[in-house]
Amino acid sequence: MGYLDEQFNQLEELQDESSPNFVEEVVALFFKDSSRLLTNIEQAIDKYPQDFYRLDSLVQQLKGSGSSIGALRMKNECSVFKANCNDRNLDGCRRSLQKMKREHATLKQKLESYFQLLRQVGPRDYAVSSRK
């Protein structure tokens, strides 16, 4: 399974000369927001008694944020976390949180590399026009 779904391609299609860094800016906002949410989830999971409603709400926000950039694996792991919340399975929530954090870190590294490569290649117009 890939790290990104069709939503990422749709974001790329929205990028043009008037907003050449659109996708990178959207992704940067995602990582800022998702890092904050992961911290909030981690804090909420360590509180006693656990507020599964709050955990579910935070993970729903993270899932929506991930969906907006096409973060497929993050989105799927959020669904697993939510199922654990519904079952009031704290151990399952903790395991799922660790997986979400790993997926988040891996996605960040892969996207940083991707954007770095794009910057090295330069604007798409040049790459396309060089084939003529």
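The shortest side-chain heavy-atom distance between V80 and R95 does not fall under the 4.5 Å cut-off. Two residues are said to be in side-chain contact when any heavy atoms from C-beta on lie closer than 4.5 Å; F22 and E12 fail this criterion. Side-chain contact between D56 and F81: absent, with no pair of heavy atoms (C-beta onward) separated by less than 4.5 Å. K99 is not listed as a side-chain neighbour of R73, based on a closest heavy-atom distance of 4.5 Å or more. No side-chain heavy atom of E25 sits under 4.5 Å from any side-chain heavy atom of L29. Between L4 and Y114 the shortest side-chain heavy-atom distance does not fall below 4.5 Å.
Atom CZ of R94 is separated from atom CD of E42 by 10.0 Å, given to the nearest 0.5 angstrom. To the nearest 0.5 Å, atoms OG (S34) and CG (N40) are separated by 11.5 Å. Atoms CG and CG, on L55 and N86 in that order, are 11.5 Å from each other to the nearest 0.5 Å. Taking CG from D91 and CG from N84, the interatomic distance works out to 9.5 Å, rounded to the nearest 0.5 Å. Within the model, atoms OH of Y3 and CD of E103 stand 6.0 Å from one another, a figure rounded to the nearest 0.5 Å.
A donor-acceptor contact shorter than 3.5 Å is absent between the side chain of N21 and the backbone of E24. Formation of a donor-acceptor pair under 3.5 Å by the D16 side chain with backbone atoms of S19 is found in this model. When atom types are taken as modelled, the side chain of E77 and the backbone of M100 share no donor-acceptor pair closer than 3.5 angstrom.
Hydrophobic clustering, with ILVMFWY side chains joined whenever heavy atoms are under 4.5 angstrom apart, groups V23 together with L14.
Contact between C85 and C93 at its shortest, heavy atoms only, is N-SG, 3.7 Å. Shown here for N89 and F52, the closest heavy-atom pair between the two residues is N-CE2, 4.2 Å.
The aromatic rings of H104 and F31 lie perpendicular to each other, with more than 60° between the two planes, well past the 30° mark.
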Donor-acceptor list for residues 58-72 side chains, cut-off 3.5 Å, not counting sequence neighbours:
residue: Q60; atom: OE1; partner: K82; partner atom: NZ; Å: 3.1
residue: K63; atom: NZ; partner: S79; partner atom: OG; Å: 2.9
residue: S65; atom: OG; partner: D33; partner atom: OD2; Å: 3.4
residue: S67; atom: OG; partner: K63; partner atom: O; Å: 2.9
residue: S68; atom: OG; partner: S65; partner atom: O; Å: 2.6

Under 3.5 Å, sequence neighbours excluded: what are the donor-acceptor pairs made by side chains of residues 105-113?
residue: T106; atom: OG1; partner: R102; partner atom: O; Å: 2.9
residue: S113; atom: OG; partner: Q109; partner atom: O; Å: 3.1

